[in-house]
Amino acid sequence: MRTHTFASVLVAAFCLAPLASAQSAPAKHPMTFEDMMQMKRLGETAVSPDGKWLAYSVTTVNLAANTKTPELWLQAIAGPSAEEPAPIKLAVAQPGDSDPQFSPDGKRILLISSRTGANQIWLADFDAATGAASRLHKLTNLDFGIDNAKWSPDSRSIVLTAPVYPDCPAIVPDDNGVGAECNYDRDAKAADSKVKAQIFTQLLYRHWNHYTGDKRSHLFLVSADTGAMRDLNPGDTHDVPPFSLEGLGCGCDFAPDSKELAFTEKLVDDPAVSTNSDIFTLDLTNSEAKPVKVSTSPGGDLNPAYSPDGKYLAWRSQARPGYEADKWRLMLYDRTAKTTKDLLPKFDRWVDEFAWASDSKHIYFASGDVGEAPILAASVPDGKLILETLTGEFSTLLPVQSSSNLVASQVKVDQPSEVFEISLLSFTEYSPFSRRFDAGSSPDNAETTKRSENSAPAADSHSEQITHLNDALLAQLDLPKMESFWFTAKDGTKLQGFIIRPPGFDPAKKYPVKFLIHGGPQGAWGDSWSYRWNAELFAANGYVVVMINMRGSTGYGQAIVDGVNGDWGGKPFTDLMTGLDYAEQHYPFIDKNRECALGASYGGYMANWVLGHTNRFKCIVSHDGMFNAESAFGSTEEDWFNIWEFKGHPWDYYGNTGVPADRSSSVGWKPDDQNPYRKWSPSLYAKNFHTPTLVVHGQLDYRLDVSEGFQLFDTLQMLRVPSKMLYFPDEGHWVLKPQNSQLWWKTVNDWVDEWTGGAASSH
């Protein structure tokens, strides 16, 4: 940790006091879209083995050029250089470089760069005493590029992922370049061909925003000295690692002796139906060795990580097949006994990500809980829970090898992501479990609450902010604090909501409402920043923002998560309406006659459901929403999702397990009275559509095909319901390009202003 003397802080405070009293602080202003685009965005982070240096990526947006450019930085966090910490650019890096990683011996630093074409691994010497990097050179030279990289503990090897044609000869050190040439030739022929048609032989031929094509991601072992490469999955027709929205990286980890690799693979015949990925280990000392499966769950298994002492292998696991939102458990595999157990069997929250402590006695993990994602720890091997009471949402957990500290990224609703160093000098054991970890728990009262009221103090622990990417800009902005409230659903379940008042709030006025509905449906609103659906920016032009964590929301126990399954338009809809009723009753500044509902993904589905089931809103914004549940099933790619969520396949030959019982049966849609897709399809309630609706959809959205947006807009226009469609030919499920995002925010805000009247009014 950096140290600063108390005396120096006092001197600085006294020196600045006269100046501060002589002039008033500059007035803050509500955040604008342009302000948000000026913010520096934290990317990958890495800590040097001696704990003295932080390397990190920062992305800058150039709105005029419509670009996002990452740059690599270094900052001292311990030792003499940390007395006056200041970020410095990594001298050997160029704009566009990414993913800095220190070698475990501390002598080199790795980065990924496309400066000579496709992404390659570049290495530089690193001086831990001064932070200087030198002698940068390119290690890999694959024309088709690499995607991820990870050092071996002995610093002699690197594992990376690269897309290859499985039927080409394997790329190995002694193949004389035959494997690489085959891949280059296939790429060149495809690029030169006038025919761009594709032939599909199985499902999942497209995914999220791209067509999968003939290539598959493989793991490669690369010598850090010579660059010699070996394909660890030769001939494999599956992606290693499998696709994940969580960003798996290589989805792998080295054993501490660097002789074994654990990795994740989805080795199934029906990848569009199954969620079953598994953990495999591979002996790296034997080029003829075959992977060995060590996980046993029929659900998803991800993120393998060895304990530093080599005794254990841990990973995140789901028990139920076909359910992507099942509880993420923390599994512990004893490598000697070859036994596996759930380390936290009574913990009713998800383990979102985890990292081993350097002493192998604890595992740190982040877990969503009542609108936040605090850091906790579990002792090994008994699984006793140890609590750290830190607010906000934490991710990218990096234990410091030379101390008991932990470096992590933290984000809050009014603060973009920053890096913090957390001192874990001692812990508070939390046993028995607190009420806040019980299924469906909430405070006894239904009034505004703060998370600290339900948190146990952690002894002798504190955190210190390392990066300050946006301090100057944030100091100029009026970002209201988010408040939490609890209410009782119609069936007696306690649920949580959040509210943000507009900047310059005047309690004597009434304000229009933007009612935000989250996606997933297994997601949650909370103390988190977003550049796409930013609650502070929604409030900035004079609105009260209300957000409800209805049934299906994460962070309240698995029973609440499961509450949306097979009931998409049922309890979640009544939860939302009841939560909004509560907010209207308890916050007198809300103008309940000027409310607009906005949602994306499942939130878009719910916006469409609201459209056919209530006229309480002045307007609706439906972004990438499901309109016709039957057509959405036939045009999506992850079939397991709809099969689980709607409790079965719509065709006769599929049962509730999502596994075809008899493929020879005739294909036909189930009768209406047996078809759950028709029961919960917003399209069947079009006769009730009256609310002015803005439809937003992207051509490259393959989770919810653009045809869903077109169908909704066509229906609204035919019914003469006031409507508009914002169509993006170059966006997928999310609007990511800066100028597209600018148009999105303007169009959405203008639509809401048009139908709610915008400005606050007197009581």
Tell me whether R329 forms a cation-pi arrangement with W350, defined as NZ or CZ under 6.0 Å from the six-membered ring centre and within 45 degrees of its axis.
no
Does E71 reach the main-chain N or O of Q94 with its side chain, forming a donor-acceptor pair under 3.5 Å?
no
From T161 atom OG1 to I146 atom CD1, the distance as rounded to the nearest 0.5 Å
6.5 Å
Inter-residue atom distance L343.CG - L332.CG, 0.5 Å rounding
5.5 Å
Paired with P242, the side chain to side chain contact (heavy atoms under 4.5 Å, CB included) test is passed by just one of N276, T264, V268, namely T264
L42 versus S409, closest heavy-atom pair with distance
CD2-OG, 3.6 Å
Which atoms form the tightest heavy-atom contact between A289 and D283, and what is the distance?
CB-O, 3.6 Å
NE2 of H210 to OG1 of T212, rounded to nearest 0.5 Å, is 6.5 Å
Both conditions, 6.0 Å and 45 degrees, for the charged tip of R186 above the ring of Y165: are they met here?
yes
S631 side chain to E708 side chain, donor-acceptor N/O pair below 3.5 angstrom:
yes
Let me confirm one number: the CZ-CG distance from R108 to D125, rounded to the nearest 0.5 Å.
7.5 Å
Hydrogens and angles aside, do S103 and D105 bring a side-chain donor and acceptor to less than 3.5 Å of each other?
yes
Polar side chain donor-acceptor pair, K40 to T60, under 3.5 angstrom
yes
Any side-chain heavy atom of K341 sitting closer than 4.5 Å to one from P381?
yes
Verdict with supporting geometry, L142 and M229, side-chain contact (heavy atoms from CB on, under 4.5 Å)
CA-CA 10 Å; L142 293 176; M229 301 180 64; 3.4 Å; yes
Using only heavy-atom distances, determine whether the side chains of S601 and D624 contain a donor-acceptor pair under 3.5 Å.
no
Is a side-chain donor or acceptor of S307 paired with a backbone partner of Y312 at a separation under 3.5 angstrom?
yes
Taking atom types as modelled, is there a side-chain donor on D239 or S217 under 3.5 Å from an acceptor on the other?
no
Residues D701 and Q699: side-chain donor-acceptor under 3.5 angstrom:
no
Mark yes or no for whether Q401, through its side chain, and G51, through its backbone, hold a donor-acceptor pair below 3.5 Å.
no
Tell me if a side-chain donor or acceptor on S223 pairs with a main-chain N or O of D225 at a distance below 3.5 Å.
yes
Minimum heavy-atom distance L284-R230, with the two atoms named:
O-NH2, 3.1 Å
Using ring centroids (six-membered ring only for Trp), state whether F710 and Y727 fall under 6.0 Å.
yes
For residues R703 and T636, is any side-chain donor paired with an opposing acceptor at under 3.5 Å?
yes
Less than 4.5 Å apart, any side-chain heavy atom of F126 and any of K107?
no
Between V351 and W315, does the side-chain contact (heavy atoms from CB on, under 4.5 Å) criterion hold? Intermediate values first, please.
CA-CA 10 Å; V351 175; W315 63 81; over 6 Å; no
For a 4.5 angstrom cut-off between non-hydrogen side-chain atoms, does Y306 reach P256?
yes
Near-ring test Y184/F144, centroid separation under 6.0 angstrom:
yes
Is a side-chain donor-acceptor pair under 3.5 Å present for W640 with E324?
yes
Does some side-chain heavy atom of D147 sit less than 4.5 Å from a side-chain heavy atom of N119?
no
Say you draw a straight line from OG of S417 to OH of Y531; how long is it, rounded to the nearest 0.5 Å?
8.0 Å
Side chain proximity check, T45 to V407, heavy atoms < 4.5 angstrom
no
For the residue pair H733 and W208, does the interplanar ring angle fall in the parallel (under 30°), tilted (30 to 60°) or perpendicular (over 60°) class?
perpendicular
Do E731 and K737 sit within salt-bridge range, that is, some charged N less than 4.0 Å from a carboxylate O?
no
For A149 and I121, work out which heavy atoms get closest and say how close.
CB-CD1, 3.7 Å
Student check: side-chain heavy atoms of L232 and L282 closer than 4.5 Å
yes
Residues E260 and R335 bridged, charged N to O under 4.0 Å
yes
Ignoring hydrogens and geometry beyond distance, is a side-chain donor-acceptor pair present between S367 and D352 at under 3.5 Å?
no
Is there a donor-acceptor contact under 3.5 Å linking the side chains of D301 and S317?
yes
Atom of I171, atom of A180 and distance for their closest heavy-atom approach
CG1-N, 3.7 Å
Got more than 12 heavy atoms from elsewhere within 6.0 Å of CG, D167?
yes
Please determine if D236 and R216 form a salt bridge, counting it only when a charged side-chain N lies under 4.0 Å from a carboxylate O.
no
Indicate yes or no: at least one non-hydrogen side-chain atom of I279 is less than 4.5 angstrom from one of L313.
yes
Any side-chain heavy-atom pair of S98 and E44 under 4.5 Å:
yes
D705: which residues meet the side chain to side chain donor-acceptor pair (under 3.5 Å) condition with it, sequence neighbours left out?
R206, S707
Using 4.0 Å as the upper bound for N to carboxylate O, is an ion pair formed by D278 and K266?
no
Under 3.5 Å, is there a donor on one side chain and an acceptor on the other for Y205 and Q198?
no
Nearest non-hydrogen partners of N209 and Y702, listed with the distance:
C-CE1, 3.4 Å
Keeping the roles fixed (side chain from S152, backbone from S157), state whether a donor-acceptor pair exists under 3.5 Å.
yes
About how many Å separate CG of N303 and CG of D253, when rounded to the nearest 0.5 Å?
10.5 Å
